[in-house]
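Step one of this worksheet: look at the structure below.
The residues of the chain are indexed from 1 along the displayed sequence. Computed from a predicted structure; not experimentally measured. Both backbone and side-chain heavy atoms feed into the values below; hydrogens, waters and symmetry mates do not.
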Amino acid sequence: MEITLPVALIAGLVSFASPCFLPIVPAFVGQLVGAGPQRMSGRAALGNALCFVAGFSAVFIALWASIGLIGWSLGPYSVYVRIAGGAALVLMGLHVAGILSISPLNGLARAPMPQGGASPLRAGVMGVVFAAGWTPCIGPILSGIIALATMSATAWSGVSLMVAYCLGLGLPIVAVALGSAQVTRRFDWFRRHHVGVSLASGGLLVVVGFLMIANLLPRLAGMVPALGI
């Protein structure tokens, strides 16, 4: 198993539980499934939630692909891209942990949501708008996963990392859309302990950044089969 896949999945969960994203989840879900008497059936809610996840996943994967094409086209100079990406990851990790403040990452561009009744098409458009307008909120963690995916040995490995991240971010949204109050309560724990969560997730980004700079990620991946994981 690719050693960074669990990291990408956890990164998606942390993005969902981040203090700037978790509070607005009910607003997004309300637009996807309706509220009160207008709330739709479980099957329709599931379809809309999946379309929403597919919408932002398509944008995130396309963003990674465009950056990856630039990195792969540099050929022998890709080592400098790896070092620069690792350094950027360290800075973003320090920002997530609250040790360093990077002003552009503190803003949140809120793009307007499409109006109208909930439908799979509208839900997909909402996902695209979310990816385009709300990513500063989860930007540092998303950027870290994009950096990891760009440094992957193969395109398939990169796609797998991006899909794992999108699953980590999207599956809780689907669960909430289906009315799982237990999921929401579980993620309230992250909100109450957001300082510790920020320190842990920021520290993880810093560690991965240093591993990228030192080019140790491939060596760690090679150790996984030997450990029987």
Item to complete: Report the C-alpha separation of V159 and W64 in whole Å, then their side-chain angles, then the decisive distance to 0.1 Å, and conclude whether the side chain to side chain contact (heavy atoms under 4.5 Å, CB included) test is met.
Response: CA-CA 9 Å; V159 170; W64 158 74; 3.5 Å; yes

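From M162, atom CE reaches atom OG of S57 across 8.5 Å, with rounding to the nearest 0.5 Å. Between the OH atom in Y165 and the CD1 atom in I146 there is a gap of 8.5 Å [rounded to 0.5 Å]. Taken to the nearest 0.5 Å, the OG atom of S15 stands 7.0 Å off from the CG atom of L142. Atom CD1 of I173 is separated from atom CZ of F52 by 5.0 Å, given to the nearest 0.5 angstrom. Note that SG of C166 and CG of L9 are 11.0 Å apart. Values are rounded to the nearest 0.5 Å. Distance check: L171 CG to L50 CG gives 9.0 Å after rounding to the nearest 0.5 Å.
Residues V59 and F16 do not share a hydrophobic cluster, clusters being chains of Ile/Leu/Val/Met/Phe/Trp/Tyr side chains in contact below 4.5 Å. Under a hydrophobic clustering in which Ile, Leu, Val, Met, Phe, Trp and Tyr are joined whenever their side-chain heavy atoms come within less than 4.5 Å, directly or via other members, I10 and V7 fall into the same cluster. Put simply, V128 and L121 are part of two different groups of oily side chains (I, L, V, M, F, W, Y) that touch within less than 4.5 Å, one to the next. A chain of hydrophobic side-chain contacts below 4.5 Å, direct or via other Ile, Leu, Val, Met, Phe, Trp or Tyr residues, connects V53 to L46.
Residues I145 and A11 approach most closely at CD1-CB, 3.7 Å, considering heavy atoms. Listed here is the closest heavy atom pair of L167 and P172: O-CD, 4.0 Å. The minimum heavy-atom distance between V163 and I61, with the atom names listed, is CG2-CD1, 4.2 Å. Shown here for L169 and F130, the closest heavy-atom pair between the two residues is CD2-CE2, 4.3 Å.
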